[in-house]
Amino acid sequence: MLTKLVANADEAIRDISDGAVIMLGGFGLCGIPENCIAALVRKGVKDLTCISNNAGVDDFGIGIMLKTRQVKKMISSYVGENAEFERQLLSGELEVELIPQGTLATRCLATGYGMPAIFTPAGVGTEVAEGKEIREFNGKPYLLEHAFDSDFSIVKAWKGDTHGNLIFRATSRNFNPLMAMAGKITIAEVEILVEAGELDPDQIHTPGIFVNRIFEGRNYEKRIEQVTTSLKA
Amino acid sequence: MLTKLVANADEAIRDISDGAVIMLGGFGLCGIPENCIAALVRKGVKDLTCISNNAGVDDFGIGIMLKTRQVKKMISSYVGENAEFERQLLSGELEVELIPQGTLATRCLATGYGMPAIFTPAGVGTEVAEGKEIREFNGKPYLLEHAFDSDFSIVKAWKGDTHGNLIFRATSRNFNPLMAMAGKITIAEVEILVEAGELDPDQIHTPGIFVNRIFEGRNYEKRIEQVTTSLKA
Amino acid sequence: MLDKFGIAKRIAQELKDGYYVNLGIGIPTLVANYVPKEIEVILQSENGLLGIGPFPFADDVDADLINAGKQTVTTTKGSSFFDSALSFGMIRSGRVDLTVLGAMEVADNGDIANWKIPGKMVKGMGGAMDLVAAAKNIIVAMQHVDKKGNSKLLKKCSLPITGLGCVKKVVTELGVFDITAEGFKLLERAPGISVDYIKEKTEGRLLIVGEIPEMELN
Amino acid sequence: MLDKFGIAKRIAQELKDGYYVNLGIGIPTLVANYVPKEIEVILQSENGLLGIGPFPFADDVDADLINAGKQTVTTTKGSSFFDSALSFGMIRSGRVDLTVLGAMEVADNGDIANWKIPGKMVKGMGGAMDLVAAAKNIIVAMQHVDKKGNSKLLKKCSLPITGLGCVKKVVTELGVFDITAEGFKLLERAPGISVDYIKEKTEGRLLIVGEIPEMELN
């Protein structure tokens, strides 16, 4: 029998140790693996390298791990929502690699697709290109960007089954299916866990082959960064 | 208003002219654009370069266009089901480029994702590698393979809407979403066409931005190459 | 002189029926409010949404449904969700017809800087570098001068570059400019703004050909 | 000597619980019939299906649901469909635990030829080149000798290569062989087959260490 099911976040992250390179799904606070982040804080594992589009806010998401100084290095595309992050960065406490969002996404894809590197025009002529190989195709320059090499990927899905199949909801999909493909070990926390066979095979976003551990998370807060609303007429 | 809707296959392919490079979705006879193939035969357009995983069978699918000698060159991964094909190939009437299936799929993906080339280990040390650049990453050799440059992509989906959003069914998905992303002009024929807004945004496989023309096809034969069955106990 | 709403209104005139459009954070987002009634444009959000609808009613706020600015939004008829790689795939392969971005500086050769002020601000580039490197048509919505009155339409960007030679058009509180081989070509003046004033406020090469009309905002 | 069912049965013994497995066309497909009851393996079909079920009942045949051999199949509990790029993504990134393939020739260094006979047969490689280039573990199911009695386990392949140095294990009608630095290492003999007979029928380097057991097929 497939044994992907784990009891909870603590069991799921049991072997993540100091110095690990981990990917964390989500865009802003949308679609982040809340349960696993809380478990990583409980475990107190440190010197982490985190690959994630954003770094959370001061008191939520990856921001919590920054407060507890568990993160040695962040690889992100945008970190504008986090004052503690900016402080640690400017003081040199935190190592930061900022890369274009499409490059981040596509480097995850490359890992999952077994492609060692990809070419992208993003960043040509900028700081991002420093030290990187540039190559022209049809007269247009591209940067060579390498696939990521991470120890763990931690993603959050809406629904999942005991075979590890995942379905995401709305824009909480974002980086989650990409990172799910890119981890040596992929951990998925889901809002709703069902038995294999209950999900429509045509609607699965991440096939279970990419997922090593899965559990149903608890008490999702799903905090919103900017509540913007329309008035009813 | 978005004007992607066309009346039928003949209108959809109206501007495909002699010498065009076209991609055709499908794997074997599964998920092929039957209506558009018939229209291409009616139009009598010739000297086509067809990029498609297979070449149909003698009297169905792309096989029909081979019989009518409309195809100058096939780019495929497997053509074993078509005797007329083999005859034209061995007699030199038909130009053929055989490439690995994963390379075919990933070169479509590269086009759709705006990546000029990809690296794959498939074909290293074989005829396929002749004249191609080989590059090592982490001690393993990869071939550099280029994105496709095609004039038209013709795909078949199960459901589609007036915005060009597509949903595929079971293994008739295969190359269709990849080719849908890879055409300069993408034509989609669907079994069921609905108004924009009727499809669940979470379940769309090909976002409409990739599709230029769409119509509801007729009289799908959906021929099966090998009917294999189990006996009821 | 235009306010930010005026800039957004003027940019909305550049929209064409059936366009797929990516709107950046800030003034560009406002453009969505001025889409002419008779045309249909589809807004792309690079986190993974095609077909951004208006902000939700308070009862319908959904934490799983946000735009690239992390604001809660809704879908429209024909929307689709996808992952961020496919999202940038559409951008890189040229399927997005128009990108509207903010900028801190633009140079007269189309270079743009909008992601970093060394030593002061380190927010990151997000999707901006991908967008400027790949979009077919880029319009920048920006302030013509900074708070001290210095021009932000320059001969050469002083801040770290986001992309090279990519901007096609700039709309500021003072006017509308095409980027040409001869520099910023003045197309229209903002209401009440003189050509001389624009000359004074533009550090980069400015090309003025014939009579420059005042822009018309409905 | 084994028939094709025997070869499939023996290969089924290599399966482990939880394995994701890609089975090629021909004898490899038969392996699915001999999966031990106490384990669960998930079959991948490179056209875009994870979790291949048995052939459908006649009433349930579905033209949209086929395997890589173009045969009608069914799904199992936990199946998923995907496009062919993602399918080869899983293969290339090493998520498929085991690939079972047929071959026309295998060399004692693990080279394999199975896609072309120049001037005679041009069917194409399909997914074979991708599979052999990327799979973690490749077992070949093949005939030891051709119709004329010539060995197909060779020093060097004579036919166009599908992949270099990739085969890990070979199961033929005569025995089971690991590919090692010293060539084909005989692990088991087929029922009734002597080591001498295997020596006679193997052109490539053959390594025989100690007593070679006869294989056990339940």
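By convention in this document, chain letters (A, B, ...) are assigned in the order of the sequence lines, proteins followed by strands, and residues within each chain are numbered from 1. These numbers were taken from a predicted model, which means no experiment stands behind them.
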Heavy-atom closest pair (B/G112 atom, C/S93 atom, distance to 0.1 Å) is O-OG, 3.0 Å
Counting only heavy atoms from other residues, nucleotides and ligands, does the tally under 6.0 Å from CG of B/N219 exceed 12? no
Show the nearest heavy-atom pair for residues C/R92 and B/Y113, with the distance to one decimal. NE-O, 2.8 Å
Just checking B/R218: does its CZ atom have more than 12 heavy atoms from other residues, nucleotides or ligands closer to it than 6.0 angstrom? no
Which residues, numbered in order, of residues 157-187 of chain C come under 4.5 angstrom of chain B by heavy-atom distance? none
What closest approach, in Å, do B/D202 and C/F81 show between heavy atoms, and which atom pair accounts for it? OD1-CD1, 3.2 Å
Count the heavy atoms of every other residue, nucleotide or ligand shown that sit under 6.0 Å from NZ of C/K156, and state whether that count exceeds 12. no
At their closest point, which heavy atom of C/R95 faces which heavy atom of B/M181, and how far apart are they? NH2-O, 3.5 Å
Rounded to the nearest 0.5 Å, how far does CG of C/D17 lie from OG1 of B/T3? 7.0 Å
Once you round to the nearest 0.5 Å, how far does NZ of C/K77 lie from CG of B/L199? 12.5 Å
Could you tell me whether C/K16 atom NZ has more than 12 heavy atoms of other residues or ligands within 6.0 Å of it? no
In terms of heavy-atom pairs under 4.5 Å, which option from B/P201, B/A182, B/G208, B/P207 contacts chain C the most? B/P201
Residue B/E221 excluded, over 12 heavy atoms near CD under 6.0 Å: yes
At a heavy-atom separation under 4.5 Å, does C/V41 approach chain B through its side chain, its backbone, both, or neither? neither
Testing the basics here: between C/G78 and B/D161, what is the closest heavy-atom pair and its distance to 0.1 Å? CA-OD2, 4.1 Å
Neighbour count above 12 (heavy atom, 6.0 Å) for B/K132 NZ: yes
So what's closer than 4.5 Å to chain C heavy atoms on B/T111: side chain, backbone, both or neither? backbone
With chain B, the option among C/G94, C/A134, C/S79 that has the most non-hydrogen atom pairs under 4.5 Å is C/S79
Counting only heavy atoms not in B/K43 (residues, nucleotides, ligands), do more than 12 fall under 6.0 Å from its NZ? yes
Please step through side-chain contact (heavy atoms from CB on, under 4.5 Å) for the pair B/H163 and C/L50, ending with a clear verdict. CA-CA 11 Å; B/H163 276 207; C/L50 203 57; over 6 Å; no
Between C/V96 and B/I209, does a side-chain contact (heavy atoms from CB on, under 4.5 Å) hold up when you go through it step by step? CA-CA 8 Å; C/V96 174; B/I209 194 170; 4.1 Å; yes
Got a second to check how far C/L86's CG is from B/H205's NE2, nearest 0.5 Å? 12.0 Å
